[in-house]
Amino acid sequence: MALSNSAGSKGLLQTRELFEYVLETSVYPREPELLKEIRVITANHPQSLMSTSPDAGQLIALLQKLINAKNTIEIGVFTGYSLLLTALTIPQDGKITAIDMNKDTYEMGLPVIKKAGVEHKINFIQSQALSALDELLKDDANRGSFDFAFVDADKVNYQKYHERLLQLVKVGGIIVYDNTLWLGTVAMPEEFVKEELKPTRFYSIEFNKFLANDDRVQISQVPLGDGITICWRL
Ligand SMILES: C[S@@+](CC[C@H](N)C(=O)[O-])C[C@H]1O[C@@H](n2cnc3c(N)ncnc32)[C@H](O)[C@@H]1O
Ligand SMILES: O=c1cc(-c2ccc(O)cc2)oc2c(O)c(O)ccc12
């Protein structure tokens, strides 16, 4: 099924044909049916573009499998594409702490999550992410307890999330940040960038430089979806 949040564009690849080739050849044939359902539901939302792209999602699931992720955290749920992806990937007794200030969008995808039989793995916290993370940090049992974190929310706060996640994610765990290439604008001269994209472009450039110099993590920035940066906690 070709419907996607980003099939109307070429992602970050050279041509739309090449992007569609990757999706049609390697991504959609392996995408679970219920994730496709979340994409269909999300397509009706005016901000459907925000959904994690299936090609990036496929790599995220692979990373989770590789490290046997069991206890995970997600900042930025929206309608639940990345949430369901994680819920389908981790084991039956795995847990996801899923944080979003908007519960209405989470509830759009919830029937599909229930149909998948994975709701029991999810602790949805409706909150500003910073305060939710600070709350988690108050309990010493949470420190170093998470195997995997996925961050896909307000880019202005990524550095603040990073400092907190470094305390919550165990050594050997992984933190993935979405949108680190911000629609390709991080490498465009500022005068060519649409006004509404400029603030996030600025924060993304600063965050990318920060991560490049952070020796608490080993990183790889991957041009899938809108750019994801994988951080391995050292
Ligand atoms: C890009 S969408 C997440 C997409 C999601 N990962 C998916 O696969 O569909 C960003 C989400 O972050 C949430 N968000 C933005 N800023 C936030 C904040 N400061 N605290 C909590 N949630 C926030 C928004 O409500 C929105 O649902
Ligand atoms: O406006 C966007 C677009 C995206 C986006 C673009 C291309 C992809 O392959 C994936 C995602 O992501 C966004 C996002 O995460 C956000 O918080 C706000 C806006 C957008």
Side-chain angles (χ1 to χ4, degrees), residues 4-13 16 19-20 22-23 27 31 34-61 72-89 96-110 112-113 122 124-136 148-161 164-165 176-186 193-194 196-201 203-204 207 222-229:
S4 153
N5 57 359
S6 46
S9 80
K10 56 188 172 61
L12 294 161
L13 295 178
R16 180 182 298 194
F19 181 50
E20 283 175 1
V22 173
L23 292 176
V27 180
E31 189 185 40
L34 292 165
L35 278 181
K36 293 187 206 295
E37 252 188 66
I38 292 241
R39 277 201 286 125
V40 171
I41 289 169
T42 306
N44 296 320
H45 191 281
Q47 287 171 293
S48 61
L49 266 180
M50 293 210 302
S51 193
T52 300
S53 65
D55 52 335
Q58 193 179 46
L59 178 61
I60 289 166
T72 74
I73 186 163
E74 170 162 318
I75 303 174
V77 170
F78 189 43
T79 57
Y81 186 90
S82 51
L83 179 60
L84 179 58
L85 174 94
T86 300
L88 291 171
T89 304
I96 310 168
T97 302
I99 304 165
D100 202 301
M101 59 193 187
N102 185 343
K103 198 171 185 188
D104 293 345
T105 44
Y106 167 62
E107 284 174 347
M108 280 179 69
L110 191 53
V112 186
I113 288 171
I122 297 167
F124 179 81
I125 301 174
Q126 183 179 16
S127 166
Q128 285 289 334
L130 269 183
S131 48
L133 293 173
D134 286 337
E135 203 54 43
L136 287 172
F148 188 93
F150 179 56
V151 183
D152 187 12
D154 48 339
K155 323 307 166 198
V156 57
N157 280 316
Y158 271 23
Q159 208 164 312
K160 291 183 179 152
Y161 297 149
R164 285 152 179 84
L165 289 170
V176 174
Y177 293 97
D178 202 4
N179 306 103
T180 61
L181 295 175
W182 192 234
L183 309 166
T185 62
V186 292
V193 178
K194 283 187 193 156
E196 65 269 25
L197 298 176
K198 280 183 183 171
T200 298
R201 172 185 177 273
Y203 297 123
S204 301
F207 185 61
V222 185
L224 287 178
D226 191 30
I228 59 173
T229 301

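Start at 1 and go down the list; that is how both ligands and their atoms are numbered.
Checking Asp152 against Tyr81 by side-chain atom types alone, no donor-acceptor pair falls below 3.5 Å. In this model, no donor atom of one side chain and acceptor atom of the other lie less than 3.5 Å apart for Thr97 and Glu74.
A heavy-atom separation below 4.0 Å is found between Trp182 and ligand 2. Residue Lys155 places a heavy atom under 4.0 Å from ligand 2. The shortest heavy-atom distance from Asn179 to ligand 2 is under 4.0 Å.
With a heavy-atom cut-off of 4.0 Å, Asp154 does not touch ligand 2 at all. The proximity of Leu183 to ligand 2, defined as any non-hydrogen pair under 4.0 Å, is limited to the side chain.
Counting heavy atoms from C-beta on, the side chains of Met108 and His45 come closer than 4.5 Å. By the 4.5 Å heavy-atom criterion applied to side chains, Pro199 and Val156 are not counted as neighbours.
Residue Leu49 approaches ligand 2 through these ligand atoms, each under 4.0 Å from one of its heavy atoms: 3 (C), 4 (C), 5 (C), 11 (C), 12 (O). Shown in contact with Asp152 at under 4.0 Å from a heavy atom are these atoms of ligand 2, numbered in order with element: 15 (O).
Going from atom CD1 of Ile75 over to atom CG of Asp178 covers 12.5 Å, rounded to the nearest 0.5 Å.
Remark: side-chain polar atoms of Tyr203 are not paired, donor with acceptor, to backbone N or O of Asp154 under 3.5 angstrom.
For the salt bridge (charged side-chain N to carboxylate O under 4.0 Å, His left out) test, no residue two or more places apart in sequence or in another chain qualifies with Lys103.
Under 4.0 Å from any atom of ligand 1, one finds heavy atoms of residues Met50, Ser51, Thr52, Gly76, Val77, Phe78, Tyr81, Ser82, Asp100, Met101, Asn102, Ser127, Gln128, Ala129, Phe150, Asp152, Ala153, Asp154, Tyr161.
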Using the rule given for side-chain contact (heavy atoms from CB on, under 4.5 Å), can you reason through Thr52 versus Leu85, listing the C-alpha separation, both sets of side-chain angles and the distance that settles it, and then say yes or no? CA-CA 10 Å; Thr52 300; Leu85 174 94; 6.0 Å; no
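Residue Phe124 forms a side chain to side chain contact (heavy atoms under 4.5 Å, CB included) with just one option from Ile99, Ile96, Asp100, and that option is Asp100.
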